[in-house]
Amino acid sequence: MNQDWINALLGGVIIGGAVSLMLLLNGRVTGISGIINGVLSPVKGDTGWRVLFVLGLVLGGFAVRAMNPEVFSGQLDTGLGSTVIAGLLVGFGTVMGSGCTSGHGVCGISRLSPRSLVATMAFIAAGMLAVVLFKSLGILS
């Protein structure tokens with residue numbers, strides 16, 4: 001029996017619990033791009049928790065890989081250049097949208113923010129358009 005839905009449900013519960021705890025305990029929305037931007041452009045007295053958060057994300061990824069390596073067994077069909085360009089485009093998009101999928105999609109929609117709903121719909125539409133465009137150009141297989 002396929003257990004993927006259980007993993008997806010468990011992941012959703014963990015993400016929802018984590019962002020709720022961040023809002024309750026720290027009074028902040030868990031927008032990853034904003035948190036990383038705060039690390040790259042530090043403000044006195046508002047950097048330590050951001051660095052710890054990013055370290056937790058990275059160390060969490062390593063912990064999952066150590067405990068369940070088959071999760072990371074897939075290979076990307078794209079090269080380093082495409083990955084870097086994609087990362088830069090995502091970074092540019094998060095600046096334009098004043099947030100990312102975690103901030104708008106997870107936190108904003110759960111707070112019934114119309115702005116976040118529009119931003120998330122724009123993210124999804126842009127992603128779908130990019131996949132169709134890049135596949136038609138032969139950049140993606």
Side-chain angles (χ1 to χ4, degrees), residues 2-141:
N2 188 343
Q3 300 290 318
D4 287 346
W5 69 272
I6 293 175
N7 291 337
L9 178 63
L10 182 61
V13 168
I14 291 171
I15 290 171
V19 299
S20 296
L21 283 175
M22 174 71 101
L23 189 59
L24 289 172
L25 299 176
N26 202 12
R28 296 186 181 262
V29 170
T30 309
I32 306 302
S33 61
I35 293 170
I36 291 175
N37 189 36
V39 171
L40 298 175
S41 305
V43 174
K44 187 175 182 181
D46 192 42
T47 305
W49 71 271
R50 295 173 188 268
V51 171
L52 291 174
F53 187 93
V54 173
L55 279 175
L57 286 177
V58 172
L59 293 175
F62 281 114
V64 168
R65 184 179 180 129
M67 293 184 299
N68 198 3
E70 62 272 3
V71 171
F72 294 91
S73 63
Q75 295 288 326
L76 292 176
D77 294 335
T78 59
L80 179 62
S82 297
T83 303
V84 169
I85 290 170
L88 291 173
L89 287 173
V90 169
F92 182 70
T94 59
V95 171
M96 283 182 59
S98 299
C100 58
T101 51
S102 59
H104 284 298
V106 176
C107 299
I109 289 179
S110 66
R111 293 178 20 227
L112 305 176
S113 165
R115 177 175 164 258
S116 292
L117 178 62
V118 170
T120 303
M121 289 174 24
F123 297 154
I124 292 171
M128 292 170 64
L129 180 65
V131 168
V132 169
L133 179 66
F134 290 144
K135 280 193 171 195
S136 69
L137 294 174
I139 297 172
L140 288 176
S141 54

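Any value given below was found using the heavy atoms of this structure, including those in side chains, with hydrogens, waters and symmetry copies removed. For reference, positions follow the sequence shown, starting with 1.
Taking CD1 from I35 and OG1 from T47, the interatomic distance works out to 12.5 Å, rounded to the nearest 0.5 Å. Taken from SG in C100 to CD1 in I36, the straight-line distance is 8.0 Å, to the nearest 0.5 Å. The line from CD1 of I6 to CG of L9 is 8.0 Å long, rounded to the nearest 0.5 Å. Rounding to the nearest 0.5 Å places CG of L21 at 11.0 Å from CG of N26. A distance of 12.5 Å separates CZ in R115 from CD1 in I109, rounded to the nearest 0.5 Å. Taking CG of N37 as the start and CD1 of I32 as the end, the distance is 12.5 Å to the nearest 0.5 Å.
The side-chain heavy atoms of V106 and I15, taken from C-beta on, include a pair separated by under 4.5 Å. You'll find the side chain of R50 reaches within 4.5 Å of the side chain of D46, heavy atoms only. Residues F123 and M128 fail the side-chain proximity criterion, which asks for heavy atoms closer than 4.5 Å. V29 places a side-chain heavy atom less than 4.5 Å from the side chain of R111.
Between S116 and G108 the shortest heavy-atom distance is OG-CA, 3.3 Å. Across every non-hydrogen atom of C107 and S110, the tightest pair is O-OG, 2.8 Å.
For the pair S41 (side chain) and G38 (backbone), a donor-acceptor distance under 3.5 Å is absent. A donor-acceptor pair under 3.5 Å links the side-chain atoms of T94 to the main chain of G91, judged by distance alone.
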Please walk me through it: do W49 and M22 pass side chain to side chain contact (heavy atoms under 4.5 Å, CB included)? CA-CA 11 Å; W49 71 271; M22 174 71 101; 3.4 Å; yes
